[in-house]
There are 2 protein chains.
Amino acid sequence: MLSKKAKYAMLALVHLAKHQDEGPILISRIADDEHIPQKFLEAILLDLKKDGVLASKKGKGGGYYLIKEPNEVNMADVMRLFDGAIALLPCVTYKYYERCEECKDEETCGIRETFLEVRNETVERLKSATIAHIIATEDSLSKKK
Amino acid sequence: MLSKKAKYAMLALVHLAKHQDEGPILISRIADDEHIPQKFLEAILLDLKKDGVLASKKGKGGGYYLIKEPNEVNMADVMRLFDGAIALLPCVTYKYYERCEECKDEETCGIRETFLEVRNETVERLKSATIAHIIATEDSLSKKK
DNA sequence: ACAAACTCTATAAACTTAGTAGAGTATTGC
DNA sequence: GCAATACTCTACTAAGTTTATAGAGTTTGT
């Protein structure tokens with residue numbers, strides 16, 4: 001399962017993209033609008049800033065804003081930032097690779113092969129899910145309704 | 001991430017399928033061969049028994065054995081049994097459905113839509129990953145090597 | 001100077017995971 | 001019938017993670 005952190009981060013990013021033309025957005029506003037505990041959100045936005053997705057301005061008129069284009073920020077990266085690996089087994093991750101202690105032969109492990117395929121599909125799908133794509137999806141879902 | 005329970009369950013099931021012709025298999029043998037803590041494995045096999053995948057025999061000559069065909073047992077079911085939902089968001093699961101507290105409108109949520117697609121792909125892939133399929137994969141990987 | 005607003009550190013409750021201990025129950029072989 | 005074998009059940013626990021909260025600190029604009 002996605003952590004609350006990752007989920008909140010995604011909501012905040014979509015919010016920031018939607019209000020990109022309004023200058024810096026207050027943490028308190030995002031927290032209110034998206035129903036996220038403010039103090040918790042502060043830490044999340046800070047992480048996104050350290051990761052180079054957002055920037056902030058202090059003092060009056062301050063707030064957070066996107067510094068990447070909405071089509072350059074994808075859910076795979078967000079998920080990795082907050083929840084670590086996307087794969088369901090440590091032996092099929094790239095960045096977080098870890099051998100399974102109980103594994104006899106990784107190269108011929110059928111379970112590994114299965115979860116490698118799942119991982120690849122998921123990563124591909126999440127990479128194509130950019131903020132821009134999510135907003136477009138929401139527009140299209142709204143029209144149908 | 002997959003829990004150890006689910007991983008161990010998969011290893012045990014593959015083991016049982018491979019030795020299906022030898023009658024009941026001892027917990028201790030599976031634990032030794034697959035490098036799984038025995039006491040932990042006992043609980044896992046019991047769960048699989050309650051779920052109707054395995055049966056057991058007590059006393060001398062006893063042990064566990066498959067009562068479903070290897071092509072009828074898939075990793076989606078195993079994962080659901082031990083780890084709950086396969087989906088990454090509670091709002092896109094069928095059996096474990098839960099509304100996201102912070103969600104404004106589920107029907108038009110772009111994040112939900114993304115993770116619904118991921119879920120569907122993953123479930124499909126894991127359903128096709130039966131024990132029989134995993135063993136066949138291992139055979140084919142061994143030959144390549 | 002002062003208020004606004006982000007930043008940083010510390011702490012904690014609740015929950016989950018992974019595993020252990022030990023007594024209990026059923027079955028087989030002799 | 002009895003001893004050995006092997007699964008079953010209940011209870012417990014250590015460690016780690018998640019989801020926060022509290023409060024002091026720092027920077028900026030006017």
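Computed from a predicted model, the values in this text were never measured in an experiment.
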Nearest-Å distance, CG (B:Leu46) to C1' (C:dA26)? 14 Å
Separation of D:dC7 atom C1' from B:Asp47 atom CG, nearest Å, is 14 Å
In whole angstrom, what separates A:Leu41's CG from D:dT21's P? 12 Å
Polar atoms only, N or O, under 3.5 Å: list the protein pairs with nucleotides 18-22 of chain C and their distances.
from	atom 1	to	atom 2	distance (Å)
C:dA18	OP1	B:Lys4	N	3.4
C:dA18	OP2	B:Lys4	N	3.1
C:dG19	OP2	B:Tyr8	OH	3.4
C:dG22	O6	B:Lys39	NZ	2.2

To the nearest Å, give me how far apart CZ (B:Phe82) and P (C:dT16) are. 17 Å
Figure out the CG/P separation between A:Leu54 and C:dA5, and round it to whole Å. 18 Å
C:dC15 P sits how many Å from B:Asp83 CG, rounded? 19 Å
Under 4.0 Å between any heavy atoms, over every strand shown, what does A:Lys49 touch: base, sugar-phosphate, or nothing? Just pick one. sugar-phosphate
Tell me whether B:Glu42 is salt-bridged to B:Lys39, with the criterion being a basic N under 4.0 Å from an acidic carboxylate O. yes
d(B:Asp77 CG, B:Leu48 CG) to nearest 0.5 Å is 11.0 Å
Expressed as a whole number of angstroms, how long is the span from B:Arg29:CZ to D:dA6:P? 12 Å
Within the pair B:Ser28 and D:dA6, is there a side-chain N or O less than 4.0 Å away from OP1 or OP2? no
Select base, sugar-phosphate, or nothing to describe what A:Leu45 touches, counting heavy atoms under 4.0 Å on all strands. nothing
Are A:Arg99 and A:Glu106 ion-paired here, with the side-chain N under 4.0 Å from a carboxylate O? no
What I want to find out is whether A:Arg112 reaches B:Glu138 closely enough, with some N-O distance under 4.0 Å, to be called a salt bridge. no
Is A:Met10 close to B:Phe115 at the side-chain level, that is, under 4.5 Å between some pair of heavy atoms? yes
Indicate whether any N or O donor in one side chain lies under 3.5 Å from an N or O acceptor in the other, for A:Thr108 and A:Asp105. yes
Salt-bridge criterion met for B:Arg29 and B:Glu22 (N-O under 4.0 Å): yes
State whether a side-chain donor-acceptor pair under 3.5 Å links A:Asn74 with A:Thr130. no
Within a strict 4.5 Å, meaning less than it, do heavy atoms of the B:Glu107 and A:Leu141 side chains meet? no
Please enumerate all protein N or O atoms sitting under 3.5 Å from an N or O of nucleotides 25-30 of chain D, with distances to 0.1 Å.
from	atom 1	to	atom 2	distance (Å)
D:dT27	O4'	A:Lys58	NZ	3.4

Starting from P on C:dA5, measure out to OH on A:Tyr65 and report it in whole angstrom. 15 Å
